[in-house]
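These notes are about the structure you will find just below.
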Amino acid sequence: QVQLVESGGGLVQPGGSLRLSCAASGSIFSINAMGWYRQAPGKERELVASIASTAGTNYADSVKGRFTISRDNAKNTAYLQMNSLKPEDTAVYYCYAVIRPMSQTYYYNYWGQGTQVTVSS
């Protein structure tokens, strides 16, 4: 079984920082891309940031220059450092990973449980 466990959400004031973590565990052969989506009330889920196995990154325009995604392949963990947070960053953040489980041929998408990020004074 493969699972993703997220941590690091919470309440922060505008201009503050948070770091999210997403740890993959279980019978994993390899991990391709990892990243985060977010969904605010009444809005569609949107891609926030992603990082490839080669460490290439991609960001939503709304977070460029403020968020940084990284990964530790030895720990099967990705991180999202969020700085200069704004009220419009308030959402549930879902991490995902494209994983090839042991004894499997193909890669599959896995999702974390979601973590609430609230930016408010």
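What you see is a predicted model, and the numbers here were worked out from it, not measured in a lab. For the single chain, residues carry numbers from 1 onward in sequence order. The analysis underlying the following values was restricted to heavy atoms, covering all of them including side chains, and did not include hydrogens, waters or symmetry mates.
Within the 4.5 Å cutoff, the side chain of Met82 has no heavy atoms near those of the Arg66 side chain. The side-chain heavy atoms of Gln116 and Thr90, taken from C-beta on, include a pair separated by under 4.5 Å. Side-chain contact between Arg38 and Val63: present, with at least one pair of heavy atoms (C-beta onward) separated by less than 4.5 Å. The shortest side-chain heavy-atom distance between Leu11 and Ser120 falls under the 4.5 Å cut-off.
Pro101 approaches Tyr110 most closely through the heavy-atom pair CG-OH, 3.3 Å. Minimum interatomic distance between Ala40 and Ala91 (heavy atoms only, all atoms of both residues): N-CB, 3.8 Å. Here the shortest heavy-atom pairing between Leu4 and Ala24 reads CD2-CB, 3.4 Å.
Cluster annotation: Val48 is not connected to Val98 through the hydrophobic network of ILVMFWY side chains, with a link wherever side-chain heavy atoms come within less than 4.5 Å. Hydrophobic clustering, with ILVMFWY side chains joined whenever heavy atoms are under 4.5 angstrom apart, keeps Tyr37 apart from Ile69.
Side-chain contact check for Arg100 and Tyr107: no donor-acceptor pair (N or O, by modelled atom type) lies under 3.5 Å.
Distance check, rounded to the nearest 0.5 Å: OG of Ser21 to CD of Gln81 gives 9.5 Å. Rounding to the nearest 0.5 angstrom, the gap separating the OG atom in Ser7 from the CG atom in Leu20 is 8.0 Å. The distance from the CG atom of Leu80 to the CD1 atom of Ile51 is 10.5 Å, given to the nearest 0.5 Å. Remark: Tyr96 OH to Cys22 SG distance equals 10.0 Å, nearest 0.5 Å. Atoms OH and CE, on Tyr79 and Met34 in that order, are 9.5 Å from each other to the nearest 0.5 Å. Rounding to the nearest 0.5 Å gives a distance of 7.5 Å between CG of Asn76 and CD1 of Ile99.
Taking a 6.0 Å sphere around CZ of Phe29, one finds it holds 12 or fewer heavy atoms contributed by other residues, nucleotides or ligands. Counting heavy-atom neighbours within 6.0 Å of Glu44 CD, excluding the residue itself, gives a total of 12 or less.
Comment: Lys64 engages Asp61 in a salt bridge, judged by a side-chain N to carboxylate O separation of less than 4.0 angstrom.
Using a distance-only test at 3.5 Å, with no hydrogens or angles considered, a donor-acceptor pair links the side chain of Glu6 to the main chain of Gly114.
Aromatic ring pairs are classed by plane angle as parallel below 30°, tilted from 30° to 60° and perpendicular above 60°; the pair Tyr94 and Trp111 is perpendicular.
Between Tyr59 and Phe67, the distance from one ring center to the other does not fall under 6.0 angstrom.
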Review point. For Val2 and Ile28, what are the C-alpha separation, side-chain angles and deciding distance, and is it a side-chain contact (heavy atoms from CB on, under 4.5 Å)?
Key: CA-CA 7 Å; Val2 174; Ile28 297 171; 4.1 Å; yes

